[in-house]
Amino acid sequence: MKKIISILLLCGLFAGTLAAQNTRRTSVPLQHGAHRLGPRTDAYMQKWREHGLGQFIHWGVYAIPGGHWNGETYRGAAEWIRSWNKMPKADYDQLYKQFNPKNFNAKQWARQAKEMGAKYMIITTKHHDGFCLWPSKYTDYTIANTPYKKDIIKELVEAYNAEGIDVTLYFSIIDWNHKGYRSAAPKTEADKAAYEEFKQFTRNQLMELLTNYPTVNGLWFDGSWDRAWIEQAPWVDELEGELRAFRPGLIIGSRFRADDHGKRHYDSNGDLIGDYDQTWERNMPETLKELNGVDWDCVMTIPENQWGYHSDWSLTYVKQPYELIEMLVKAVSLNGNLVLNFGPDGNGNIRPEEAHIAKEIGTWMQVNSEAVYGCKNSPWEKQGWGYYTQKGDNRLYLTVFNQPLNNKVRVKVPKCADDKKIVIVEKAWFLADKKAAVVKNGGRDKYGNVYYDIDSPVFKTGSPYVIVLEVREVDKDKKDEYQQAIM
Ligand code: H76
């Protein structure tokens, strides 16, 4: 038995993720843990996996104060201003009466997202304050009762879908506006009854959203960390089943429900709950190993920690387009999607800083998106110049972020499982101008690994560029036939 296990582990190069997941299972009996081991294989999830880049939008009545109240500045995340002692909650709860975004143009937002290269968009239907951007019939605290009146979610879903962009709905479990909402687990009978009402309300709103917007194929849950919610795990599991039955292919991350023992994201056996790991908020994994084979997205702010509109970005570090492009390529190189957040203002304008970033990313994507869409992790050993992404078995993209001082991009060739075979570079070119790249035999490093050096002048100062390699596994003794192009 032991021998079999160690053979299995040795062959683990490709089966690595499965083996790791299986060996991690400690078989705690669970009724509400992961309902599936390993990634989904259906077409919806396959499409999601190929998106690479998404757009997040945080929009609500918090965009009106934009991080300020009564001449004072709130330094926390603007969408949380209601929780600030200096802002009276009663004042906040009246803001919707002024919500009238006269410059809002869903088509313009969608066009901008498309030009940036986003393949899916996540919109806050309701954030923690409970304000609904759609005319929910289960509460009065909605867009229908603002001067604007029109259904913003409908406008956005239609406009984005028309640009070929999938829409996922963000939904906060926390709802500061609902009288039955509780954060702590309800103890008294009265609290329990109130919370039951809140549960029904939550269920009704979710079914309403899926009914109203039939093209929506994803739900992005947030604010699900309350003890009250965690304790409802069996009920939430049932609700998840109802939502999935209602909308075939629906994609729900790990942030919706807990397991039987209150464990979130990963159940008591270490298995992922839901379709993808939703723990990467303003944070990214460093290696494939720590991901254990799961799908994931990274939701990222442009400032440090502002999701909703905050008028004063001078209080925070603001990421550069270059950094965001690096995060995007890095995410794809680790089999994830990067979802970049935008916080439009109270009039429906996308702020100039965000528009600028969208444009810069879009300009880069226009030339280089081939290295992003439909790409995944490459087993080639990461080098200091940047990231490998890969399409199929034979095509590698090298996105160079750190230009080597000698203008040579070094690639180390992985060893083949079959030692009569060798990996060769058949073709190499620069993605930007399609010009062939010169690949030189570098020799062997001190561990005996073969490497090549690719002559690589900088294309455009400050802009990451892509080298494409077509590689192939060939018999060692036929290597020369294939490698005429290599000096
Ligand atoms: C905390 C928190 C919330 N989760 C992020 C995705 C934002 O919505 C933020 O307000």
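Predicted, not measured: the structure shown is a model, and the values here were computed from it. Atoms within each ligand, like the ligands themselves, are counted from 1 in listed order.
- Remark: Phe56 engages His58, Tyr170, Trp220, Trp307 in a ring-ring contact (aromatic ring centres under 6.0 Å, His included) (not counting sequence neighbours).
- No donor-acceptor contact under 3.5 angstrom links the side chains of Tyr213 and Asn161, judged on distance only.
- Taking the ring centre of Tyr387 as origin, the terminal cationic atom of Lys382 falls inside the region bounded by 6.0 Å and 45° from the ring axis.
- Counted by atom type alone, Gln46 and Glu50 present one or more donor-acceptor pairs between their side chains at under 3.5 Å.
- Here Gln320 pairs with nothing under the side chain to side chain donor-acceptor pair (under 3.5 Å) rule; sequence neighbours left out.
- Scored by the ring-ring contact (aromatic ring centres under 6.0 Å, His included) test, Phe104 finds Trp59, Trp109 as partners (sequence neighbours excluded).
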Please produce the table of protein N or O atoms sitting under 3.5 Å from N or O atoms belonging to ligand 1, one pair a line, distance to 0.1 Å.
from: ligand 1; atom 1: 4 (N); to: Asp222; atom 2: OD2; distance (Å): 2.8
from: ligand 1; atom 1: 4 (N); to: Glu281; atom 2: OE2; distance (Å): 3.3
from: ligand 1; atom 1: 8 (O); to: His58; atom 2: NE2; distance (Å): 2.6
from: ligand 1; atom 1: 8 (O); to: His127; atom 2: NE2; distance (Å): 2.8
from: ligand 1; atom 1: 8 (O); to: Tyr170; atom 2: OH; distance (Å): 3.4
from: ligand 1; atom 1: 8 (O); to: Asp222; atom 2: OD2; distance (Å): 3.3
from: ligand 1; atom 1: 10 (O); to: Glu79; atom 2: OE2; distance (Å): 2.5
from: ligand 1; atom 1: 10 (O); to: Trp80; atom 2: NE1; distance (Å): 3.0
from: ligand 1; atom 1: 10 (O); to: His127; atom 2: NE2; distance (Å): 3.1

